[in-house]
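Order of the sequence lines sets the chain letters (A, B, ...), proteins ahead of strands, with each chain counted from 1. As a basis for the values below, the full set of heavy atoms in this structure was taken, side chains included, without hydrogen atoms, waters or symmetry mates. Only a predicted model underlies this, so the values are computations on that prediction, with no experimental measurement involved.
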Protein chains: 2
Amino acid sequence: MVRPSTRNPKLDDVAARAGVSTATVSRFLNNPDIVAAGTAVRIRAAIEEMQYVPNLLAGGLASSRSKMVAVLIPHLVDSLFDRTIETMVEELNAGGTMVMLALTGTAAGRTEAMIRAAMGRQVDAIVSTAPLSAETTALIQHFPGLFVQIWDLPAEPPGIAVGFSHVEIGHDLARFIYERGYRRPALVSAELGRARLRRDGFVKGWEAHSDTPVKEIAVDSPSRFGHARRVFAELRRQPERPDVVVCGSDSLAQGIIVEANAAGLKVPDQLAVVGFGNASVASDMRPTITTVEIDGAQIAREVNAAVRSHVSGVAPKQRSVNVGFRIIARESA
Amino acid sequence: MVRPSTRNPKLDDVAARAGVSTATVSRFLNNPDIVAAGTAVRIRAAIEEMQYVPNLLAGGLASSRSKMVAVLIPHLVDSLFDRTIETMVEELNAGGTMVMLALTGTAAGRTEAMIRAAMGRQVDAIVSTAPLSAETTALIQHFPGLFVQIWDLPAEPPGIAVGFSHVEIGHDLARFIYERGYRRPALVSAELGRARLRRDGFVKGWEAHSDTPVKEIAVDSPSRFGHARRVFAELRRQPERPDVVVCGSDSLAQGIIVEANAAGLKVPDQLAVVGFGNASVASDMRPTITTVEIDGAQIAREVNAAVRSHVSGVAPKQRSVNVGFRIIARESA
DNA sequence: GCTCCTTATGCAAGCGCTTTCATTGACGGA
DNA sequence: TCCGTCAATGAAAGCGCTTGCATAAGGAGC
């Protein structure tokens with residue numbers, strides 16, 4: 001790579017070239033409206049000519065606003081959060097804020113390290129999908145930025161929360177499939193965290209309608225297409241074959257449909273399938289997949305709005321934002 | 001959120017508490033081995049007691065090493081790069097380096113803004129999947145960090161490149177399907193960038209074997225499951241129905257299989273399908289999908305190694321690293 | 001015993017910005 | 001004409017670290 005022979009220009013250089021003080025250039029950069037039009041023109045020219053790129057580390061240090069937001073998710077591949085992340089990153093990028101992506105894995109422990117790393121970089125906000133341990137919650141008390149928990153609505157979030165009720169989803173799903181006439185549901189669910197909450201909601205909800213027990217099948221988190229073979233095999237082993245299977249993700253639902261087809265079972269006539277997440281595949285699959293839609297982009301927008309208002313010194317209006325969910329009835333159930 | 005009543009501790013405070021100078025604490029933080037064992041113990045205790053979190057913005061400013069790497073990709077959802085990104089982030093996080101994720105979209109223009117944003121934050125490296133425009137290449141000349149282009153091997157990368165040859169993939173795929181006995185290939189490809197290169201390689205390669213023209217079907221980038229319906233319809237409209245369809249992604253391949261099944265066509269007997277990327281679904285689908293495997297994690301590891309050596313002042317060994325690819329023959333073709 | 005290293009540490013000058021406070025000049029009103 | 005106001009700008013003190021240079025103390029070699 002070519003190394004520049006001269007050091008990169010700094011604010012001083014631009015100021016000198018434009019014949020103003022560094023303060024004025026700084027103002028131009030951060031708040032163009034408060035410098036005189038003529039001055040602005042000269043500064044703009046100087047910046048252009050020198051190819052000046054402001055050092056935002058220095059700026060952040062001086063202003064203690066880093067224009068960075070940390071986002072913590074367990075994984076990236078096959079993640080339910082991809083649309084949320086994508087929307088957050090796009091919107092924030094457009095506003096000049098960058099997103100630091102931190103992967104915490106499914107085990108605990110790494111979350112705290114990532115939060116420290118984020119705090120050390122003076123991020124304006126930390127957005128996390130994972131609930132916090134007691135130690136981490138203590139750590140967050142010293143964090144001057146905004147802490148946002150997403151995809152869930154804990155009763156007492158350490159900062160603010162933007163999400164929805166997993167219990168309610170389970171509950172509504174139970175009613176939904178009962179009303180559609182299904183009577184022997186199987187529930188494929190991971191055993192931890194939110195999947196667990198949905199499971200609890202579902203089982204409780206189902207008990208309100210029927211005495212038939214819910215057949216439960218556990219999978220690793222997150223629910224994936226690859227689980228389908230084993231899950232389907234287990235379904236077939238049941239003495240009373242379930243008439244509907246409720247999955248923890250659309251890709252697992254898709255996998256079940258594929259397995260059912262391969263086994264010559266008609267979906268939904270012989271086995272109905274319900275997904276979760278409304279991934280794009282849910283509407284493209286044949287049959288199209290009945291699923292629960294979470295508006296991930298909406299979560300992102302709420303988070304971004306909260307971050308923006310926090311940065312400009314306004315306290316967020318509410319501790320919790322419930323973006324809700326929607327059961328989308330399609331062909332598969 | 002609870003606001004701390006006292007300001008967060010800084011290096012000075014830790015130094016005072018440990019009875020040493022700030023220089024020593026700084027050394028302890030960055031290079032523990034060079035401080036005396038006893039001193040280290042006291043400093044460690046002070047840090048612990050005060051819950052000290054170093055300000056890495058200040059550190060980065062002083063040292064001009066930010067321990068941040070920017071990664072530029074077009075999209076996050078349905079991205080071929082997810083495994084590469086995931087591995088990069090995980091490995092770098094483990095070493096205390098954070099990843100700034102920037103989304104450039106498919107249109108040009110945003111790339112330059114993202115590169116500026118990254119440079120302004122003094123990142124140690126910029127990793128980009130997109131080729132650079134002339135202006136952006138000029139901009140990069142002033143970038144003191146490492147620029148890494150991934151998923152491609154341009155002849156003269158602005159920095160270094162880690163990738164593979166798309167032309168070669170197309171070429172090898174043509175031979176592969178010819179050797180498997182297929183004679184009327186359809187190629188479903190986006191018309192831009194690398195998909196275009198694979199297409200060119202394929203067509204050239206095919207011409208070496210057969211006079212039958214390759215039936216080409218264009219789709220938007222990136223190739224998605226959702227394109228399958230239209231593509232399949234178009235395939236059926238052909239007077240000479242293709243016997244194999246080569247897709248730009250595994251999810252599109254999967255979609256084609258679903259459509260074929262729905263139409264009562266047997267895969268691969270009546271229509272063979274080839275994917276690209278070896279997503280997890282490729283091995284889980286029924287039939288399993290013949291595809292091209294790119295070792296995204298390997299790309300990430302090569303990138304990380306280059307970044308590490310660059311940061312420690314060692315020039316990378318080579319301008320280009322070819323991680324190759326592998327055609328995986330499965331049931332679908 | 002003296003000199004010369006080596007190791008551990010301290011001093012203090014930045015790193016490149018932001019922002020408070022002060023200053024200047026122009027303008028409108030009385 | 002004079003004063004108050006306001007818009008535009010400048011001077012300079014940080015923001016919280018890192019690091020080159022200097023120093024001190026101990027040990028080895030003669």
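Taking atom CG of A/Leu61 as the reference point, atom C1' of C/dT18 lies 10 Å away to the nearest angstrom. Between B/Asn31 atom CG and C/dT7 atom C1' there is a gap of 14 Å when expressed in whole angstrom units. As a whole-Å value, the separation of A/Arg42 CZ from D/dA8 P is 14 Å. For A/Leu11 and C/dC17, the CG to P distance is 5 Å, given to the nearest whole Å. Between the CG atom of A/Asp12 and the P atom of D/dA12 there is a distance of 14 Å, rounded to whole Å. The CD1-P distance, from B/Ile43 to C/dA8, rounds to 12 Å in whole Å. With rounding to whole Å, B/Arg65 atom CZ is found 13 Å from C/dC15 atom C1'. When rounded to the nearest whole Å, the span between CG of A/Leu56 and C1' of C/dT18 equals 12 Å.
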Verdict with reasoning, B/Asn93 to A/Met114, per side chain to side chain contact (heavy atoms under 4.5 Å, CB included): CA-CA 8 Å; B/Asn93 278 357; A/Met114 291 302 104; 3.4 Å; yes
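At most 12 heavy atoms of other shown residues, nucleotides or ligands fall within 6.0 angstrom of atom CZ in A/Arg83.
Residue contacts shown for B/Ala23 include a base, since a base heavy atom lies under 4.0 Å away. Within the 4.0 angstrom heavy-atom criterion, only backbone atoms of the sugar-phosphate kind lie near A/Ser63; the bases stay farther away. Nucleic acid contact class of B/Asn30 (heavy atoms, under 4.0 Å, all strands): sugar-phosphate only. Residue A/Phe28 is out of contact with every strand shown, counting any heavy-atom pair closer than 4.0 Å.
At a threshold of 4.0 Å, the pair A/Asp124-A/Arg65 does not count as salt-bridged, since none of the basic side-chain nitrogens sits closer than that to a carboxylate oxygen. Classification of A/Arg7 and A/Asp13 as a salt-bridged pair holds, one side-chain N sitting under 4.0 Å from a carboxylate O. Salt bridge annotation for A/Arg44-A/Glu48: absent, with no cationic side-chain nitrogen under 4.0 angstrom from a carboxylate oxygen.
Annotation: of the two residues near DNA chain D, A/Asp33 and B/Ser26, the 5′-most nearest-nucleotide partner is A/Asp33. Mapped onto DNA chain D by nearest heavy atom, B/Ser64 and A/Ala36 fall at different nucleotides, with A/Ala36 at the one closer to the 5' end. Taking for each of A/Leu57 and B/Arg27 the nucleotide of DNA chain C with the nearest heavy atom, the 5'-most of the two is the partner of B/Arg27.
Listed candidates were D/dT9, C/dT18, C/dG10. Nearest to the side chain of A/Thr22 is C/dT18. Closest to the B/Asn55 side chain, of the nucleotides C/dG16, C/dT18, D/dC17, is D/dC17.
Within the structure, a side-chain polar atom (N or O) of A/Thr24 is placed less than 4.0 Å from OP1 or OP2 of D/dG10. Between A/Tyr52 and C/dC17 there is a side-chain N or O to OP1 or OP2 distance below 4.0 Å.
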